[in-house]
Structures are given as C-alpha cells and as structure tokens.
Amino acid sequence: CQLHMMKSGASATLLRHNGMVRKISAPTFPIGMQPVSEVQETDLDFCANDILIMLSDGVSEATYQFIKQLLLSSNDLEYIVKNFHLIDLPILLSHVKHNEPLPKKAFFLSFDDGFRQMHDLVAPILLRKGIPATFFINSSFTDNRNLCFQHKASLIVEHLLKNEPPKASINEINHLLPKQLQVPIPITTRILAIKYSERMIIDEIATVLEIDTNDYLQNEQPYLTSGQIRNLIKKGFTIGAHSIDHPLYADLTLDEQIRQTTESISFVKEIFHLDYGVFAFPHSDVGVSKEYFRRIASANLVDISFGTSG
C-alpha cells in the first residue's frame with residue numbers, strides 16, 4: 001500500500017485515500033518549461049479502492065521537441081499501465097452517481113485547456129499505450145475564436161525577454177499597470193500577475209509593444225477545433241468543460257461563477273451531443289462557496305466536477 005511519487009509542475013495531483021482527498025503540489029516548473037526540470041519525490045499510502053487523478057495543461061512539441069521523444073521512450077506510461085487499473089470517465093461517473101465499486105489502484109487521467117497538442121501529440125501516444133483520458137476545454141477558445149488573457153501575457157513577456165523596448169514604452173506600460181502592481185519587481189513578473197478582471201490592460205500593453213495577438217492566434221492555432229474534438233470523441237476519449245475563458249473562480253461573483261460553468265457545459269454538451277456533463281475548475285476551486293455547488297446541482301447540468309481544494 002505504498003506509492004512513490006515524483007511530482008513536477010504546478011498542476012496538482014489528487015489522491016483519494018480513506019475517504020479523504022489529498023492535493024499534491026510541487027514548487028517546480030512543469031516539464032517542458034526548461035530543458036532540465038526538478039522533481040519533488042514523496043512516499044504516499046495507496047491502497048485498494050484509492051483513486052489517483054493526474055492533471056496536466058498540455059505540452060508543446062514545436063517548442064520543446066524533446067518532450068515527444070521523452071513520452072515515447074519513457075517507461076512511465078508503461079509503468080502506469082502495468083501497475084494501475086486505468087479507468088475512463090464512464091467508470092468514474094458510475095462510481096460517483098451509482099456507487100459502483102472501483103477497481104483497485106484506479107487511475108484517471110485528464111488534460112485541461114484544450115490545446116491543439118492534445119489531438120496532434122498526446123492522443124496518438126495514449127491510444128498506442130491504451131490509456132483513456134478526458135480533455136477539458138474552454139468554450140471561448142474552441143476553434144481559436146479567442147486567445148486566453150494569460151497566453152497573451154506570456155506572449156508579451158516572451159517579447160520583452162527577447163527585445164529591449166524603448167524606455168518610453170516601458171514607462172507607458174508602467175502607467176497602464178494596476179496600482180497594486182506599481183512595485184519594484186521585474187515588469188515581466190507584474191504583467192503575469194495581472195488578474196482576469198484587469199485583462200483589458202494586457203491588450204493595451206500589447207498595443208504599446210505592437211504585438212498582434214490575433215495574428216498569433218490565427219497563425220499558430222493553439223487550441224482544439226470542433227473537428228479535432230469530434231475526432232477525439234470518435235477515438236474513445238471524453239470531453240469536459242473548463243469554463244468560458246479561464247478565470248480564477250475565487251475572483252468572480254457567485255453569479256459569474258455560475259454563468260462560466262453552466263454556459264461552458266451547455267456548449268460542450270450541445271455542440272458535441274454529449275449525454276454527460278463534467279467540469280474542471282480553471283486554476284482551482286479554492287474559495288468557491290457551498291451555495292455555488294447547491295445552485296450548480298439544482299441546474300442538473302454537472303455530473304461531476306474536478307477541483308484542487310480537496
């Protein structure tokens with residue numbers, strides 16, 4: 001009843017053990033952010049009927065080509081297949097809704113944010129290994145209709161790290177930043193700290209630096225298209241909602257939390273003709289009230305939701 005875990009990256013891993021859910025995080029960069037990534041190791045109790053849920057936002061084969069080779073050559077996936085009982089979403093839903101027993105050492109895998117690499121890179125590898133997965137998508141980003149404000153911020157930071165803009169531009173950016181970010185820390189750190197409610201500032205900064213985020217969106221097509229999602233479903237994968245446009249729920253009003261959830265789930269169910277509704281909170285469900293869950297339950301749209309607050 002022991003599990004040796006090697007954890008890397010910001011996305012939490014969830015372990016249900018003895019009726020309690022434990023969130024396992026690591027203060028390390030996700031694999032793929034830099035050529036060498038540290039891992040945090042820990043030993044955990046892991047017994048029959050426990051559930052391990054591993055979360056991932058995505059991987060970029062174009063930027064970090066070694067990732068694909070790492071996935072293909074690594075024994076990690078083979079270890080998972082041999083030592084855990086892989087379960088898909090229908091099995092998990094049967095457990096939650098009808099109290100159907102789970103197999104020993106149940107393992108459920110999901111990916112958030114709906115990046116195109118889920119279709120082009122991840123899905124073929126999972127199919128080859130026989131590993132089921134659920135992909136959670138944002139309704140506003142599907143078909144590359146909009147670019148997430150945090151991805152815009154990352155484009156700006158990448159530009160600033162590669163170029164030295166005129167001092168006048170830096171001064172203008174400093175003037176645009178919210179008052180709470182008028183502090184003596186690197187400007188790149190402050191840009192990445194801009195909140196969802198202040199996201200229009202990111203567009204203004206991009207204009208100052210003459211960065212065309214729409215051009216990036218159309219040329220790179222970073223998100224899944226409806227056709228690619230249908231292809232994933234056809235191949236046996238399942239799809240869930242991940243909000244409209246990826247806000248931190250703790251910063252939203254209750255009504256906006258409800259809107260983000262119900263509209264994104266309705267979008268996924270209606271567009272892809274799903275008879276189930278599953279939702280993964282963007283960032284975290286920390287700070288989400290019981291009233292939210294009561295109202296979501298009464299809407300009868302969500303069969304199961306995934307968060308990281310335990």
Side-chain angles (χ1 to χ4, degrees), residues 1 3 5 7 11-24 44-58 76-77 79-114 118 122-123 125-127 129-138 224 229 232-243 261-262 264-269 272-285 288 292-293 296-297 299-310:
C1 291
L3 174 70
M5 173 169 286
K7 183 80 178 75
S11 294
T13 295
L14 305 179
L15 173 63
R16 195 191 74 170
H17 175 70
N18 286 341
M20 302 292 290
V21 176
R22 177 177 177 180
K23 181 177 73 171
I24 303 145
L44 304 167
D45 290 331
F46 190 72
C47 302
N49 297 320
D50 288 352
I51 305 176
L52 185 69
I53 300 178
M54 301 179 70
L55 306 169
S56 174
D57 287 328
D76 292 347
L77 294 178
Y79 180 85
I80 290 171
V81 171
K82 291 179 181 179
N83 292 276
F84 295 88
H85 194 113
L86 302 170
I87 62 171
D88 57 15
L89 183 61
I91 292 176
L92 187 58
L93 287 174
S94 294
H95 172 69
V96 173
K97 297 174 67 175
H98 308 298
N99 203 30
E100 293 287 341
L102 286 173
K104 295 180 179 180
K105 295 186 178 181
F107 183 98
F108 176 77
L109 179 64
S110 70
F111 294 83
D112 291 348
D113 295 349
M118 299 301 100
V122 174
I125 294 174
L126 295 180
L127 286 170
K129 306 290 185 181
I131 300 176
T134 299
F135 298 103
F136 290 93
I137 64 173
N138 300 92
L224 290 166
I229 294 170
L232 288 171
I233 295 172
K234 184 178 178 180
K235 293 181 181 298
F237 295 105
T238 44
I239 304 297
H242 193 46
S243 79
T261 303
T262 56
S264 61
I265 287 187
S266 295
F267 169 85
V268 170
K269 293 183 71 173
F272 303 109
H273 309 291
L274 306 179
D275 60 0
Y276 58 87
V278 293
F279 181 79
F281 285 90
H283 302 289
S284 170
D285 60 345
V288 176
Y292 162 88
F293 289 103
I296 287 298
N300 201 31
L301 281 172
V302 184
D303 295 312
I304 186 172
S305 64
F306 299 84
T308 58
S309 64

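For reference, positions follow the sequence shown, starting with 1. Here the structure is a predicted model, which is why all the values come from computation and not from measurement.
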Spatial distance of atom [atom1] ([X]) from atom [atom2] ([Y]) [nearest 0.5 Å]:
X    : Y    : atom1 : atom2 : result
L109 : F135 : CG    : CZ    : 7.5 Å
I137 : M118 : CD1   : CE    : 13.0 Å
I304 : L92  : CD1   : CG    : 4.0 Å

Margin query: Restricting to side chain to side chain donor-acceptor pair (under 3.5 Å), what partner residues turn up for T238, sequence neighbours left out?
Written below: T134

Next item on the list: Tell me, yes or no, whether the heavy-atom count around N300 atom CG, taken from other residues, nucleotides or ligands under 6.0 Å, exceeds 12.
Entry: no

Heavy-atom side-chain proximity of [X] to [Y] below 4.5 angstrom:
X    : Y    : answer
N83  : K105 : no
T261 : Y292 : yes
F136 : V268 : no
P90  : Y276 : no

With [X], the side chain to side chain contact (heavy atoms under 4.5 Å, CB included) member among [options]:
X    : options                : value
D303 : L89, V96, L93          : L93
F108 : I87, I91, L86          : I87
I265 : I296, L274, V302, V278 : V302

Tell me the closest heavy-atom pair linking [X] and [Y], and the distance in Å.
X    : Y    : result
K269 : G277 : CD-CA, 4.1 Å
F279 : S264 : CE1-OG, 3.8 Å
L232 : A123 : CD2-CB, 3.5 Å

Note to self: Please enumerate all residues that pass ring-ring contact (aromatic ring centres under 6.0 Å, His included) together with H95, with sequence neighbours excluded.
What the structure shows: none

Next item on the list: Would you check if the distance from the ring center of F111 to the ring center of F237 is below 6.0 Å?
Entry: no

Next item on the list: Using atom types as modelled and distance alone, determine if a side-chain donor or acceptor of H242 lies under 3.5 Å from a backbone N or O of A280.
Entry: yes

Note to self: Parallel, tilted or perpendicular: which one describes the rings of F267 and F272, with boundaries at 30° and 60°?
What the structure shows: perpendicular

